[in-house]
Amino acid sequence: MAKYFDVHPESPQPRTISTVAASLRSGALIAYPTDSCFALGCQLDNRDGLDRIRSIRRLDERHHFTLMCEDFAQLGQLVQLDNNVFRAVKAATPGSYTFILPATKEVPRRLMHPKKKTVGVRIPDHPVTRALLAELGEPLVSSTLLLPGEEEPLTQGWEIKERLDHVLDAVLDSGDCGTVPTTVVDFSEGEPEIVRRGAGDPSRFE
């Protein structure tokens with residue numbers, strides 16, 4: 001049964017954020033708000049959490065998980081960036097973009113694309129997400145909370161609690177969340193390729 005946490009969207013309560021971060025360190029799988037839509041998240045080395053996300057969303061082994069990062073310094077430890085890519089990504093963060101880039105050795109192999117050795121990374125622009133990442137002190141492995149057979153992600157915390165109560169450990173709710181996932185830009189070959197047009201303005205990468 002999932003615990004339900006109601007937090008302020010602009011000034012999330014530190015005690016609540018600390019409690020949720022502690023649960024993540026203990027192996028929890030949570031639903032939480034971002035600047036695009038609700039996401040599922042677990043700790044980087046939580047193999048069971050990854051399996052549970054795949055089960056909830058019915059994902060195959062090729063699915064690109066996203067590593068949600070607190071800041072650019074953290075992101076830079078996870079992916080390889082040349083100068084041009086560095087400038088382009090830096091200018092668009094924080095924001096509603098996911099970037100696919102070559103992974104460093106800091107990233108567990110099971111999180112990489114099996115053939116390309118790439119990983120998705122992003123820095124969100126949402127006070128609750130950023131507070132959680134700051135408290136956790138490490139990236140959060142994430143995937144959009146889009147259920148199989150449904151066209152749009154779930155937007156209400158109470159509905160997520162109701163429908164996924166048996167498969168989640170916690171729901172962090174700060175009010176209505178969007179339905180448009182991030183814009184995904186693949187920089188793995190050096191030049192930007194827009195893989196998905198979403199909440200972030202894609203024109204800067206065209």
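Sequential numbering from 1 along the given sequence is applied to the chain's residues. Because the structure is a prediction, the values reported are computed rather than measured.
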### Task
Please determine if D51 and R47 form a salt bridge, counting it only when a charged side-chain N lies under 4.0 Å from a carboxylate O.
no
### Message
Please determine whether a side-chain nitrogen of the Lys or Arg among R197 and E206 lies less than 4.0 Å from a carboxylate oxygen of the Asp or Glu.
### Response
yes
### Message
For K117, is the NZ atom crowded, meaning more than 12 foreign heavy atoms sit under 6.0 Å from it?
### Response
yes
### Main-chain N/O of L154 paired to R163 side chain as donor or acceptor, under 3.5 Å
no
### Message
So D169 and S23, do their side chains get closer than 4.5 Å, heavy atoms only?
### Response
no
### Task
Could you tell me which non-hydrogen atom of C42 sits nearest to which non-hydrogen atom of L24, and how far apart they are?
CA-CD2, 3.9 Å
### Task
Using distance alone, with no hydrogens and no angle criterion, decide if R196 and T182 have a side-chain donor and acceptor under 3.5 Å apart.
yes
### Message
With a sphere of 6.0 Å drawn around NZ of K116, does it hold more than 12 non-hydrogen atoms of other residues, nucleotides or ligands?
### Response
no
### Task
Considering non-hydrogen atoms only, spot the tightest contact between L132 and I17 and give its length.
CA-CG2, 3.7 Å
### Query
What class does the angle between the rings of F187 and F99 fall in, given that below 30° is parallel, 30 to 60° is tilted and above 60° is perpendicular?
tilted
### Taking every non-hydrogen atom, the tightest pair across H8 and V128
O-CG2, 3.6 Å
### Task
Check whether the side chains of S142 and R122 place a donor and an acceptor atom closer than 3.5 Å, and report yes or no.
no
### Query
Quick check: does any side chain N or O of S18 sit under 3.5 Å from a backbone N or O of P14, one acting as donor and the other as acceptor?
no
### Summary
For L59 and S143, the nearest pair of non-hydrogen atoms, with its separation, is CD1-OG, 4.0 Å
### Message
With a 3.5 Å distance limit and no angle check, can you tell me whether R130 reaches the backbone of P124 through a side-chain donor-acceptor pair?
### Response
yes
### Query
Under 3.5 Å, is there a donor-acceptor pair between the side chain of Q156 and the main chain of D176?
no
### Query
Under a 4.5 Å side-chain heavy-atom rule over Ile, Leu, Val, Met, Phe, Trp and Tyr, are V107 and F86 clustered together?
yes
### Message
Looking at P202, is its backbone amide N or carbonyl O close enough to the side chain of Y97 to form a donor-acceptor pair, meaning the two atoms are under 3.5 Å apart?
### Response
no
### Query
Is the count of non-hydrogen atoms from other residues, nucleotides or ligands lying under 6.0 Å from E189 atom CD greater than 12?
no
